[in-house]
Amino acid sequence: MNNYNQTFTGFILLGLFPSSQTGLFLFILIVLIFLTAWIGNLSMILLILLDSHLHTPMYFLLSQLSFIDLNYISTIVPKMVTDFLLGNKYISFIECGFQIFLFLTFGGAETLLLASMAYDRYVAICFPLHYATRMSKRVCVLMIIGSWVLGSINSCAHTGYALHIPYCRSRVINHFFCDVPAMLTLACMDTWVYEYTVFVSTILFLVFPFIGIVCSYAHVFLAVYRMHSGAGKKKAYSTCSTHLTVVTFYYAPFAYTYLRPRFLRSPAEDKILAVFYTVLTPMLNPIIYSLRNKEVMEALRRVTHRICFSKNIDKLPA
């Protein structure tokens, strides 16, 4: 075992796809989801950039969410795909550490950014007259910077620990990416102190923001209930219920995975839950925020019309 540990400096990722027709189906499905996520998030970023009507705090935050999701899913899926196609499940120690850092940075930044978006909707609906001051450009930029900085600090702490603990058991990680809790089962030292820090980080980055989001939307729904305008109620309910659905879809499996003690966890269940917050959510965010948002659809029509009109002008004879 010691000789194995000295000569083998990386890990083996068992992956998500079994060696069967089911595995091939899952592979194709994940690739399609990845492409949809890339097209959707990139389109949202470009649309918000090109249409001046979307240059508001809410859509500025949404463009950041799309940017995070685009990178978030790219941290996980390409490695899965290449491992399946090449049949090589090896990942070096440095690559594993880099993947941990990116995964936790993007994941932590997204949890805080979603909380910022909920606060934006809370101020817009509950305090519309104070919206310009409470959600100024400066406040919006500070929210985004804070999300990135805190996510990076948390990621550095966990990545540093994962790269410095001794691994003296099998180097086979029963997961489709380098997930720190899955790696802890391979450690040859007692990791209860670190597991406690994982619990604390989960409370700070998942539970507290989620509670804040639920409280924000509770105030929003109460304010909407008191509205006299039926059209305003319908629009507010549609927007907020969509946001809350997306948030729950992301936070719930994430928190459930990391809050459970090790003896209650199973690799198969962890992988299924991880698909929700690493693969499905980055695909669903741009779809839900665009298809159920009239402002985004109108902006899409304006940008498309502008592009087509400019092409027709270029085709006119001089």
Side-chain angles (χ1 to χ4, degrees), residues 41-72 105-154 204-206 208-227 229 231-233 235-247 250-251 285-286 288-290 292-300 302-303:
N41 285 295
L42 189 59
S43 298
M44 284 295 293
I45 294 171
L46 293 175
L47 184 62
I48 294 170
L49 180 67
L50 294 174
D51 192 90
S52 59
H53 294 82
L54 300 183
H55 293 175
T56 62
M58 183 182 80
Y59 291 106
F60 186 40
L61 293 173
L62 182 56
S63 67
Q64 283 293 308
L65 179 65
S66 293
F67 178 74
I68 289 174
D69 281 338
L70 193 148
N71 288 279
Y72 192 34
T105 298
F106 294 131
E110 179 156 343
T111 62
L112 299 177
L113 189 65
L114 287 171
S116 299
M117 293 175 67
Y119 175 76
D120 172 81
R121 291 300 84 203
Y122 163 70
V123 175
I125 294 175
C126 297
F127 302 97
L129 299 179
H130 301 88
Y131 183 76
T133 55
R134 291 197 179 190
M135 283 301 298
S136 63
K137 185 177 180 180
R138 179 176 176 274
V139 172
C140 201
V141 170
L142 287 175
M143 284 180 170
I144 292 171
I145 293 175
S147 298
W148 281 104
V149 170
L150 292 175
S152 299
I153 292 173
N154 177 67
L204 294 176
F205 280 86
L206 289 170
F208 282 171
F210 184 70
I211 291 174
I213 291 170
V214 172
C215 290
S216 296
Y217 282 120
H219 284 88
V220 167
F221 284 123
L222 184 60
V224 170
Y225 179 76
R226 294 170 178 169
M227 286 182 178
S229 171
K233 279 186 178 182
K235 180 180 179 181
Y237 274 133
S238 176
T239 301
C240 294
S241 61
T242 300
H243 292 190
L244 195 56
T245 300
V246 173
V247 163
Y250 179 73
Y251 280 84
N285 279 341
I288 292 176
Y289 281 112
S290 60
R292 296 198 61 184
N293 192 315
K294 290 183 179 180
E295 291 179 347
V296 172
M297 298 308 294
E298 290 173 1
L300 180 61
R302 285 193 297 267
V303 171

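Throughout, residue positions are numbered sequentially from 1 according to the sequence presented. Just so you know, these numbers use all the heavy atoms, side chains as well, and skip hydrogens, waters and symmetry mates.
Taking CG of L300 as the reference point, atom CG of L50 lies at 11.0 Å (rounded to 0.5 Å). Note that CG of L113 and CD1 of I68 are 5.0 Å apart. Values are rounded to the nearest 0.5 Å. Atom CG of residue L244 and atom OH of residue Y251 lie 11.0 Å apart, to the nearest 0.5 angstrom. A distance of 12.5 Å separates CG of L112 from CZ of F208, quoted to the nearest 0.5 Å.
Side-chain contact between C215 and I211: present, with at least one pair of heavy atoms (C-beta onward) separated by less than 4.5 Å. Residues M44 and V296 meet the side-chain proximity criterion, which asks for heavy atoms closer than 4.5 Å. When side chains are defined from C-beta on, N285 does not count as touching Y250, because their heavy atoms never get closer than 4.5 Å.
Enclosure of atom NE2 in H55 by more than 12 non-hydrogen atoms of other residues, nucleotides or ligands within 6.0 angstrom is indicated.
Nearest heavy atom pair, residue I45 against residue S63, reads CG1-O, 3.8 Å. Taking both residues in full, the closest heavy atoms of M117 and L62 are given as CE-CD1, 4.0 Å, listed atom of the first, atom of the second, then distance.
Between the Y119 side chain and the S216 main chain, no donor and acceptor come within less than 3.5 Å of each other.
Ring geometry, Y122 versus F127: the interplanar angle exceeds 60°, so the pair is classed perpendicular (tilted spans 30 to 60°).
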Let me have the donor-acceptor pairs involving side chains of residues 138-152, under 3.5 Å, with sequence neighbours excluded, atom names and distances please.
from	atom 1	to	atom 2	distance (Å)
S147	OG	M143	O	2.9
W148	NE1	Q64	OE1	3.2
S152	OG	W148	O	2.8

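Just one of L46, N71, D69 meets the side chain to side chain contact (heavy atoms under 4.5 Å, CB included) condition when paired with N41; it is D69.
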